[in-house]
Asker: 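Here it is, the structure in full.
Keep in mind that the numbers below use all heavy atoms, side chains included, and drop hydrogens, waters and symmetry copies. Residue numbering restarts at 1 for every chain, and letters A, B, ... go by the order of the sequence lines. Predicted model, so just to flag it, every value in this text is computed and none were measured.
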Number of protein chains: 2
Amino acid sequence: MERKKFSGSPCPIARSLDVLGDWWNPLILRECLYGNSRFDELQSWLGISRNILTRRLAELVEAELLSKQAYQEKPARFEYVLTEKGHDACLVLLALMPFGERWYFKKGQHPIELRDRETGELVKPLVIDANTGKPLDSKTLVPCPGPGFKAPKSIKERRFSEYYDSLVE
Amino acid sequence: MERKKFSGSPCPIARSLDVLGDWWNPLILRECLYGNSRFDELQSWLGISRNILTRRLAELVEAELLSKQAYQEKPARFEYVLTEKGHDACLVLLALMPFGERWYFKKGQHPIELRDRETGELVKPLVIDANTGKPLDSKTLVPCPGPGFKAPKSIKERRFSEYYDSLVE
DNA sequence: TTCAGTGAGTTCCATTATGGAACTTTGTAA
DNA sequence: TTACAAAGTTCCATAATGGAACTCACTGAA
């Protein structure tokens, strides 16, 4: 069976997972961000099988997170460059860093960290609520119908009115 | 072949992808965050096959993102509750929202949005650099050896010194 | 007391996807 | 003329996925 796709989903999380919900694609993006953006580099750094890498790169180019660019002709050689959309996706990867550091490494013992290329200053990704400026707390959230919400008939949507009710109450 | 695992990786992103690098696990967490945390609820909301759901829930409990709790006995009935680690992982999901909204929906036409349960105020996830307070820009970052860095011999690590050099230069 | 219904899974199966390894292709450098 | 490199392909055995049907424990109604 083919992997289930979420291209029709009304949820931005689900939609994003079509391309980011996988273990190789995020790592490929990470390497491109780090500057290892050629086929053989990606292959040996990640330890990914070459045939899979070929497929994933095609996916990422198709999804417009990467663009395939020749860095020389004769012989033709390529590199995969992050697009604007790709850079945007990298923010999600970066949100994984504090999670990984906190739960998989002893405090202060993570082997990698990020710095600003210019200043050399440490960079600590943090997810906040842009409206209040405060760190986001997932415990206080409720999903609600947004401006593009269209009420349909499946159970999935029946529930949305419940969310809505709970808000209006 | 079994899916490749990253439990030995020095990268917090890779480590996190062992459990989050997949399309169902994040969606299951999303549903638990939204309050749909029982087997049949998850199954019908997500449209996931029951056998897969069973496996994924076991994984998430094993990874301590969810805990399985009986909400009644006789007959035994369970719900899957987000742990602290699970809530932490939700922040990553929430970072997917602005990405998904921006790239998969017309501006201002996303069907779902988040609100604070108490105040009803809109919540907009945003990834910033905790040190400067400014929105994170992935184009300016360099990966560097962290405090727990141990230099080994594989090509993977050879490159780290390059990162390091480029910083020191 | 029997019977349909519910929640929480299992079992079975055909189809895909994954990972490992070997093999191409095109062009360059010795 | 031979060795080497980059960027893929091809082939294969094994695993994972998704769909559907089945189980099991209990309950509330007839």
Asker: For nucleotides 23-30 of chain D, tabulate all protein N/O to nucleotide N/O atom pairs closer than 3.5 Å, reporting atom names and distance.
Answerer:
| unit_1 | atom_1 | unit_2 | atom_2 | d |
| --- | --- | --- | --- | --- |
| D:dT27 | OP1 | B:K74 | O | 3.1 |

Asker: Using only side-chain N and O atoms of A:W23, determine if any of them is under 4.0 Å from OP1 or OP2 of C:dA17.
Answerer: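 No, A:W23 has no side-chain N/O under 4.0 Å of OP1/OP2 on C:dA17.
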
Asker: Could you state the CG-P distance from A:L53 to D:dA7, rounded to the nearest angstrom?
Answerer: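 For the pair A:L53 CG and D:dA7 P, the rounded distance is 10 Å.
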
Asker: Taking only residues at least two apart or on different chains, which pairs with a member in residues 138-149 of chain B satisfy salt bridge (Lys or Arg N to Asp or Glu O under 4.0 Å)?
Answerer: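 Sorted result for residues 138-149 of chain B: empty, none.
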
Asker: Is the shortest side-chain N/O distance from A:R56 to OP1 or OP2 of C:dT18 below 4.0 Å?
Answerer: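 Affirmative; the distance criterion is met.
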
Asker: What about B:W24 and A:F6, are their ring centers closer than 6.0 Å?
Answerer: yes

Asker: How many Å lie between NZ on A:K4 and P on D:dG18, as a whole number?
Answerer: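 Going from A:K4 (NZ) to D:dG18 (P), I get 7 Å.
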
Asker: Heavy-atom nearest nucleotide on DNA chain D for A:K5 versus A:F78: which residue maps closer to 5'?
Answerer: A:F78

Asker: Phosphate oxygens OP1/OP2 of C:dT18: is one of them under 4.0 Å from a side-chain N or O of A:R55?
Answerer: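 So the side-chain polar atoms of A:R55 do come within 4.0 Å of the phosphate oxygens OP1 or OP2 of C:dT18, strictly under.
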
Asker: Starting from P on D:dT17, measure out to CG on B:D22 and report it in whole angstrom.
Answerer: 7 Å

Asker: In whole Å, I'd like the distance from the CH2 atom of B:W24 to the P atom of D:dA16.
Answerer: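 So the CH2-P distance, B:W24 to D:dA16, works out to 17 Å.
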
Asker: Taking the six-membered ring of B:Y71 (Phe, Tyr or Trp), confirm whether the NZ or CZ of B:R38 is under 6.0 Å from its centre and within 45° of its axis.
Answerer: yes

Asker: Starting from C1' on D:dG8, measure out to CD on A:Q43 and report it in whole angstrom.
Answerer: 11 Å

Asker: Do any side-chain nitrogens or oxygens of B:Y80 fall under 4.0 Å of OP1 or OP2 in C:dG7?
Answerer: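 It does not, given that no N or O in the side chain of B:Y80 lies less than 4.0 Å from OP1 or OP2 of C:dG7.
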
Asker: How close or far is atom P of D:dA13 from atom CD1 of A:I52, stated in whole angstroms?
Answerer: 17 Å

Asker: Find the distance B:R50:CZ to D:dG18:C1' and express it as a whole number of Å.
Answerer: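 Atom-to-atom, B:R50 to D:dG18, this comes out as 13 Å.
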
Asker: Does atom CD of B:E73 have more than 12 heavy-atom neighbours, drawn from other residues, nucleotides or ligands, at distances under 6.0 Å?
Answerer: no

Asker: What protein N or O atoms touch nucleotides 13-16 of chain C N or O atoms at under 3.5 angstrom, if any, and at what distances?
Answerer:
| unit_1 | atom_1 | unit_2 | atom_2 | d |
| --- | --- | --- | --- | --- |
| C:dT15 | O2 | A:M1 | N | 2.7 |
| C:dT16 | O4' | A:M1 | N | 3.2 |
| C:dT16 | O4' | A:M1 | O | 3.3 |

Asker: Between A:K68 and D:dA7, is there a side-chain N or O to OP1/OP2 distance below 4.0 Å?
Answerer: no

Asker: Strictly by modelled atom types, are A:D88 and B:W103 linked by a side-chain donor-acceptor pair under 3.5 Å?
Answerer: yes

Asker: In this structure, which one of B:S37, B:C32, B:S67 forms a side-chain contact (heavy atoms from CB on, under 4.5 Å) with B:E79?
Answerer: B:S37

Asker: Measure distances between side-chain N and O atoms of A:T54 and base N and O atoms of D:dG8, and say whether any donor-acceptor pair falls under 3.5 Å.
Answerer: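 For A:T54, whose side chain was compared with the base of D:dG8, there is no donor-acceptor pair (under 3.5 Å).
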
Asker: Would you mind reading off the distance between A:L46 atom CG and C:dG20 atom C1', rounded to a whole angstrom?
Answerer: 16 Å

Asker: Look at A:E62 together with A:R55 and state whether they make a salt bridge at an N to O cut-off of under 4.0 Å.
Answerer: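 Between A:R55 and A:E62 there is no salt bridge, as every charged N stays at least 4.0 Å from the carboxylate O atoms.
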
Asker: Using a 4.0 Å heavy-atom cut-off across all strands, classify B:R38 as base, sugar-phosphate, or nothing.
Answerer: sugar-phosphate

Asker: For the side chain of A:D40, counting heavy atoms from C-beta on, which of D:dA7, C:dG19, C:dA8 is nearest?
Answerer: D:dA7

Asker: From the options A:V19, A:L60, A:V92, select the one residue that forms a side-chain contact (heavy atoms from CB on, under 4.5 Å) with A:L29.
Answerer: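 Per the side-chain contact (heavy atoms from CB on, under 4.5 Å) rule, the option paired with A:L29 is A:L60, out of A:V19, A:L60, A:V92.
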
Asker: Is the NZ or CZ atom of B:K68 positioned over B:Y80's six-membered ring, under 6.0 angstrom from the centre and within 45° of the axis?
Answerer: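 Ring-cation test returns no.
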
Asker: Can you confirm whether the side chains of A:E121 and B:N131 place a donor and an acceptor under 3.5 Å from each other?
Answerer: no

